[in-house]
Amino acid sequence: MTNTPMIWPVAAASRLRIKFSNDDYCRLFYNSSTGSISLIPITAEDASAATTTPHAEIYDHSLTANPEEDPLYQSYLKQSKDNAKKIVDSFHPDDVIGANLSLEYNLQNPNTFHGMQSYASAKINIYCYSKNNRRKRREPNHKIYTVDSKCCEDFSDVRALIQSIRTLSGLQNNNATNNNAHPQRFLVILNPYSGGNGPKSKSGATFVYETIVKPMLEQAGVEHDKLATTHGNHATERMQLRRSTSTNDTSNDNGEEADFNDCTDSELRDISEYDSIIALGGDGILFEIFQGIHARADEDHILSKLKFGIVPCGTCNGLAKSILHWSDNADYTPMESVFQICKGHTSRLDIASYQLATTTKTYASFLSFSWGLIADCDLESECLRWLGAVRTDIWAVYRGILFPKKYRARFSYLPSGNTNNDSVSTKIELPQLNEPLPKDWLTIEDDFSVFWVCNTTHASYNVFTCPMSKMNDGVFYVLIVRSSVSRLRLLQMLLKLETGGHIECEGLEIVTCSAYRLEPLSDNTYNDLDGELIERGTIQASLFNTANFFCGKVDG
């Protein structure tokens with residue numbers, strides 16, 4: 001098997017027999033050309049080799065000095081080169097999130113121990129989520145293979161095979177090369193009211209957690225604690241809590257003593273003791289999480305240590321859709337998001353810092369900032385939240401077309417090419433809001449309809465705001481439409497937001513910058529950050545850090 005990588009245990013695979021039916025057995029083969037793992041019926045030559053070994057009843061591989069000379073090994077190599085071999089079952093490691101061994105004890109003979117003979121069955125469990133050929137959506141397609149208890153003395157061959165499957169699957173959450181690796185621990189935070197349908201909704205975070213997230217994390221071998229938020233800013237408060245489970249310190253992030261009686265780890269454990277934080281809900285729950293981290297003195301350490309995941313259960317789900325889009329345009333479903341979390345691959349996402357003239361408080365942002373028409377549509381349409389995402393479309397026609405409004409402002413920015421490195425590794429020191437801007441900044445003062453700063457490709461699952469945005473390109477994309485643009489052209493842009501076609505529309509200007517400042521000159525305007533209303537007035541921002549987010553294969 002010359003093309004088989006060393007990570008596939010040929011000797012162990014040649015000795016293991018998988019029970020297919022009462023009298024039929026198979027073995028597992030790795031196809032190096034396709035990357036798939038197949039279950040192949042055992043041949044007559046295999047059966048003959050098995051019965052002529054010195055230990056026919058219990059095959060003890062420890063007595064075999066040279067595995068290459070073993071008849072089972074030789075027949076395995078020969079069968080692997082047979083292109084006409086029958087395939088009983090197969091799976092691809094790319095679809096696997098976990099694999100383990102389960103044992104059922106032989107209660108009929110509890111006093112006898114002779115390796116695997118003591119067990120009624122030993123099963124290899126492989127947790128697959130393959131894509132349906134017709135719908136192209138992932139569906140559970142798990143494999144359970146019963147190992148012939150007479151084919152080896154102990155479990156070493158089975159463990160070697162399982163470890164190889166994990167390695168080929170590229171699983172990152174737990175050490176795929178070490179069976180004894182300490183399991184990862186995640187904190188899962190869910191908003192039971194995300195999406196507006198309440199905790200009993202079949203599309204809500206509670207249902208998604210119970211039916212998808214919890215079982216898949218268990219299959220991936222990931223331990224986790226769950227926290228369901230009970231009030232606004234609950235996730236922010238939880239991020240700021242500073243209490244190590246290994247000490248008696250019971251103070252919060254402000255140094256105040258708190259009563260933690262009858263609290264669980266999900267409510268107590270300092271987030272620095274977790275490996276990852278997973279948010280179930282819309283962009284709002286993640287916004288709360290990042291504000292809590294942003295308020296911590298060890299923010300840089302937390303952002304460098306933790307991995308983050310988002311499972312779409314809200315109304316808009318802009319970041320979840322963007323990550324799936326970056327991940328080779330993966331299908332937009334909660335299961336696909338959880339699948340990527342279980343695989344464990346991450347990429348860094350730009351995080352921006354926002355300062356306002358009306359408060360000393362600063363904000364962290366991962367999604368977008370809007371002012372003018374888009375902010376009005378997002379915030380004023382809250383009265384229509386029961387309609388779902390279509391509420392913003394209705395308000396856009398009302399506010400932008402039927403009763404248009406002018407928004408005057410002074411927009412200043414640092415062009416993205418004016419820094420030594422557009423990566424956030426080179427942080428930009430912004431001047432104070434009451435100080436003049438540096439000379440290399442440019443300024444536009446005009447009446448605007450749309451002012452939309454994008455950090456991701458999608459502002460909502462159905463709004464393809466900025467197709468050119470990358471996860472960590474270190475750039476703000478500012479979409480501008482001036483009030484002088486006709487209502488017809490504005491309508492054409494709005495109608496093409498779902499496909500990203502608005503980018504080609506006449507009248508849309510796109511500014512790329514590393515930092516910017518917006519000074520509203522009109523009254524009664526909103527600052528909308530990541531879909532949340534923040535203080536009004538002059539605002540400025542720069543990209544200051546990145547955070548590791550679970551994702552698939554990301555280009556750039």
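Summarising the geometry, atom OG belonging to Ser412 is positioned 5.0 Å from atom CG belonging to Leu437; distances are rounded to the nearest 0.5 Å. Atom-to-atom distance recorded for Ile310:CD1 and Leu349:CG is 11.5 Å, nearest 0.5 angstrom. Here the CG-OG distance, from Asn527 to Ser370, works out to 8.5 Å after rounding to the nearest 0.5 Å. If you take CD1 on Ile277 and CD1 on Ile289, they are separated by 6.0 Å, rounding to the nearest 0.5 Å. We find the CD1-OG distance between Ile271 and Ser276 to be 11.5 Å, quoted to the nearest 0.5 Å. Distance check: Ser449 OG to Leu508 CG gives 11.5 Å after rounding to the nearest 0.5 Å.
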Handout entry: ring-ring contact (aromatic ring centres under 6.0 Å, His included) evaluation trace for His294 with Phe544
Key = CA-CA 11 Å; His294 191 53; Phe544 82 105; 5.6 Å; yes

Exercise for the section: Could you go through the side chain to side chain contact (heavy atoms under 4.5 Å, CB included) check for Lys496 and Cys505 one step at a time? Expected result: CA-CA 9 Å; Lys496 293 181 179 181; Cys505 288; 3.8 Å; yes

Practice task
Quick one: do Lys361 and Ile534 satisfy side chain to side chain contact (heavy atoms under 4.5 Å, CB included)? Show the steps, please.
Solution key: CA-CA 10 Å; Lys361 182 179 181 180; Ile534 61 174; over 6 Å; no

Problem - Residue pair His231, Glu237: steps toward the side chain to side chain donor-acceptor pair (under 3.5 Å) verdict - result: CA-CA 10 Å; His231 55 274; Glu237 296 165 5; 3.0 Å; yes

Exercise for the section: Apply side chain to side chain contact (heavy atoms under 4.5 Å, CB included) to the pair Leu430 and Gln355, showing each step before the final yes or no. Expected result: CA-CA 9 Å; Leu430 294 174; Gln355 305 169 8; 4.2 Å; yes

Exercise for the section: Applying side chain to side chain contact (heavy atoms under 4.5 Å, CB included), run through Leu414 and Asp440 and close with a yes or a no. Expected result: CA-CA 7 Å; Leu414 176 64; Asp440 53 351; 3.6 Å; yes

Exercise for the section: Check the pair Phe366 / Phe549 against ring-ring contact (aromatic ring centres under 6.0 Å, His included), numbers first and verdict last. Expected result: CA-CA 11 Å; Phe366 54 86; Phe549 270 83; 7.2 Å; no

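Residues Ser365 and Asp530 have side chains that bring a donor and an acceptor to within less than 3.5 angstrom of each other. Using modelled atom types and a 3.5 Å distance limit, the side chains of Tyr363 and Glu535 yield a donor-acceptor pair. A donor-acceptor contact under 3.5 angstrom links the side chains of Asn548 and Arg348, judged on distance only. Remark: the Lys307 side chain and the Gln184 side chain contain an N/O donor-acceptor pair separated by less than 3.5 Å. With hydrogens and angles left out, the side-chain atoms of Trp452 and Thr465 include no donor and acceptor closer than 3.5 Å. For the residue pair Asp283 / Asn317, no side-chain donor-acceptor distance below 3.5 Å is found, with atom types taken as modelled.
Comment: Asp270 engages Arg296 in a salt bridge, judged by a side-chain N to carboxylate O separation of less than 4.0 angstrom. For Asp225 and Arg185, the salt-bridge test passes: some basic side-chain N is under 4.0 Å from an acidic carboxylate O.
Using a 4.5 Å heavy-atom cutoff, the side chains of Ile341 and Val311 are in contact. Here the side chains of Cys342 and Tyr129 are not in contact, with every heavy-atom distance at 4.5 Å or above. Asn191 places none of its side-chain heavy atoms less than 4.5 Å from the side chain of His234. Between Phe186 and Asn173, the closest side-chain pair of non-hydrogen atoms falls below 4.5 Å. Between Pro192 and Thr206 the shortest side-chain heavy-atom distance falls below 4.5 Å. Here the side chains of Arg536 and Thr358 are not in contact, with every heavy-atom distance at 4.5 Å or above. Contact check for Val188 versus Leu217: side-chain heavy atoms found under the 4.5 Å cut-off. Side-chain contact between Ser542 and Ser514 is absent, with no heavy-atom pair separated by less than 4.5 Å.
At least one donor-acceptor pair closer than 3.5 Å links the side chain of Thr333 to the backbone N or O of Glu336. At least one donor-acceptor pair closer than 3.5 Å links the side chain of Ser483 to the backbone N or O of Phe448. With hydrogens and angles ignored, the 3.5 Å screen pairs a side-chain donor or acceptor of Ser486 with a backbone N or O of Arg489. At distances below 3.5 Å, at least one donor-acceptor pair connects side-chain atoms of Gln172 with backbone N or O atoms of Gly170. For Ser169 (side chain) and Leu171 (main-chain N/O), no donor-acceptor pair under 3.5 Å exists by modelled atom type. Trp326 places a side-chain N or O within donor-acceptor distance of the main-chain N or O of Ser469, the cut-off being under 3.5 Å. Using modelled atom types, no side-chain atom of Asn233 and backbone atom of Thr236 make a donor-acceptor pair closer than 3.5 Å. Of the possible polar contacts, one joining the Ser322 side chain to the His458 backbone as a donor-acceptor pair under 3.5 Å is found.
A salt bridge (Lys or Arg N to Asp or Glu O under 4.0 Å) with Asp331 holds for exactly one of Arg138, Lys321, Arg137, Lys131; it is Arg137. A salt bridge (Lys or Arg N to Asp or Glu O under 4.0 Å) with Asp447 is found for exactly one of Arg482, Arg410, Arg408, namely Arg408. Checked options Val475, Thr457, Ile510, Asp473; the residue passing with Met468 is Ile510 (criterion: side chain to side chain contact (heavy atoms under 4.5 Å, CB included)). For the ring-ring contact (aromatic ring centres under 6.0 Å, His included) with Tyr516, the lone residue among Tyr413, Trp441, Phe476 that qualifies is Phe476.
When every heavy atom of Cys513 is checked against every heavy atom of Val478, the shortest pair comes out as SG-CG2, 3.9 Å. Across Ala409 and Pro520, no two heavy atoms sit closer than the pair CB-CA, 4.0 Å. Heavy-atom minimum distance, Val485 versus Gly507: CG2-O, 3.7 Å. Scanning all heavy atoms of the two residues, the minimum distance from Ala235 to Glu288 falls at N-OE1, 3.2 Å. A pairwise comparison of heavy atoms in Gly282 and Ser194 identifies N-CB, 4.1 Å as the closest pair. Of all heavy-atom pairs spanning Arg517 and Pro431, the tightest one is NH2-CG, 3.7 Å.
Within a 6.0 Å sphere centred on CD of Glu498, heavy atoms belonging to other residues, nucleotides or ligands number 12 at most. Heavy atoms from other residues, nucleotides or ligands lying under 6.0 Å from CD of Glu435 number more than 12.
Separation of the Tyr354 and Phe369 ring centroids falls under the 6.0 Å cut-off. Between Phe451 and Tyr407, the ring center distance fails the sub-6.0 Å criterion. Two rings, from His224 and Tyr209, have their centers less than 6.0 Å apart.
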